[in-house]
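These notes concern the structure reproduced below.
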Amino acid sequence: MKILIIIPAYKEADNIERLVDDIILNHPICDYVIINDGSHDATRSICQRKGYNFIDLPINLGIGGAVQTGYKYAEREGYDIAIQIDGDGQHDVLYLDRVVQPLQNDQADVVIGSRFIVKEGFQSSSARRFGIRFLSILIYLCTGKKILDVTSGYRAVNRKFIEIYADSYPSDYPEPEAIVAAVMHKGRIKEVPVVMKERQTGISSIHAWKSVYYMIKVTLAIIVCRISFGIRR
């Protein structure tokens, strides 16, 4: 199968080189594409200097727009599997094979790398874990599907969902909403245990007052997504 690793990156100059070199060294059978999401730091120059495969977005589209760009690339180039990993290095590429295996065995359409199954490695702050549990319950109430790590950006999808997400993908903070969309498209979703690392450098996009906005926005987006699919059907 043709496998593509999608790496959205915004101001990840301190992390991107280490991450991509790790992929090239340890997963040579996988292709990759970096989506430089309008970064104003040295991310673009590093990609050019190292000869990385990257798409340079002229403006910042946000994580949703960057990831969808990766899916459009995967669709155009005929990939069978697309894997999302964050450009900050928190997603350990050691677990790439584990995330991909259910797709290769036709056991799932969407696979989520979850830090909460074995509860090893970086578990996030207590406040964020509370928010994740809330969104997990909300998704269960809306869809009947129980997912533990609903905000994990460590994911892999098959060709069916490459095409679905290339056509339509949530914009801001898209991970929970993308799960609802997957359920509504009758996707088989599976969680597998992974160990994540704590960010060493750079700044998370969700912090301080943005956490409140995040929870309100995502809650409303999940509900609207569920209602809209119900109306269409």
Okay, side chain of [X], backbone of [Y]: is any donor-acceptor separation there less than 3.5 Å?
| X | Y | value |
| --- | --- | --- |
| K2 | D31 | no |
| S171 | G64 | no |
| S114 | P193 | no |
| S152 | Y154 | yes |
| D80 | M1 | no |
| K145 | V183 | no |
| E191 | L148 | yes |
| Y32 | N53 | yes |
| E177 | I222 | no |
| K72 | A166 | yes |

If I take atom [atom1] from residue [X] and atom [atom2] from residue [Y], how far apart are they, to the nearest 0.5 angstrom?
| X | Y | atom1 | atom2 | answer |
| --- | --- | --- | --- | --- |
| N36 | Q48 | CG | CD | 9.5 Å |
| K217 | Y173 | NZ | OH | 8.5 Å |
| I29 | D97 | CD1 | CG | 7.0 Å |
| I5 | I81 | CD1 | CD1 | 11.0 Å |
| F161 | R155 | CZ | CZ | 11.5 Å |
| L61 | T69 | CG | OG1 | 5.5 Å |

Heavy-atom closest contact (I46 atom, A13 atom, distance):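 Closest heavy-atom pair between I46 and A13: CD1-O, 3.3 Å.
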With heavy-atom distances below 4.5 Å as the criterion, would you say the side chains of [X] and [Y] are in contact?
| X | Y | value |
| --- | --- | --- |
| R188 | D106 | yes |
| T151 | D149 | yes |
| V157 | I164 | no |
| V67 | E175 | no |
| R226 | M184 | yes |
| T219 | F134 | yes |
| I132 | F116 | yes |
| E77 | L4 | no |

Residue pair R49, E17: steps toward the salt bridge (charged side-chain N to carboxylate O under 4.0 Å, His left out) verdict: CA-CA 10 Å; R49 174 172 56 82; E17 186 171 353; 3.4 Å; yes
Criterion salt bridge (charged side-chain N to carboxylate O under 4.0 Å, His left out) on D21 and K50, from CA distance to verdict: CA-CA 9 Å; D21 286 350; K50 296 284 291 188; 3.2 Å; yes
K190 NZ: over 12 foreign heavy atoms closer than 6.0 Å: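 Counting neighbours around NZ of K190, 12 or fewer heavy atoms of other residues, nucleotides or ligands fall under 6.0 Å, so no.
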Polar contact flag, side-chain donor to acceptor under 3.5 angstrom, D88-N15: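 No - no donor-acceptor pair under 3.5 Å links their side chains.
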Residues R115, D92; criterion salt bridge (charged side-chain N to carboxylate O under 4.0 Å, His left out); working and verdict: CA-CA 11 Å; R115 73 201 106 170; D92 194 334; over 6 Å; no
Verdict with reasoning, M215 to L135, per side chain to side chain contact (heavy atoms under 4.5 Å, CB included): CA-CA 8 Å; M215 290 302 298; L135 293 175; 4.1 Å; yes
Sole candidate of I83, D22, L96, V100 that passes side chain to side chain contact (heavy atoms under 4.5 Å, CB included) when paired with H27: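 Of all the options given, the one that passes is L96.
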Joint hydrophobic cluster, I24 plus F54, side-chain heavy atoms closer than 4.5 Å: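 They do share one cluster, since a chain of ILVMFWY contacts under 4.5 Å joins I24 to F54.
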Y71 and Y169 aromatic ring geometry - parallel, tilted or perpendicular at 30°/60° bounds: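 Plane angle between 30° and 60°, so tilted.
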Test side chain to side chain contact (heavy atoms under 4.5 Å, CB included) applied to V192 and I117, step by step: CA-CA 8 Å; V192 297; I117 295 177; 5.6 Å; no
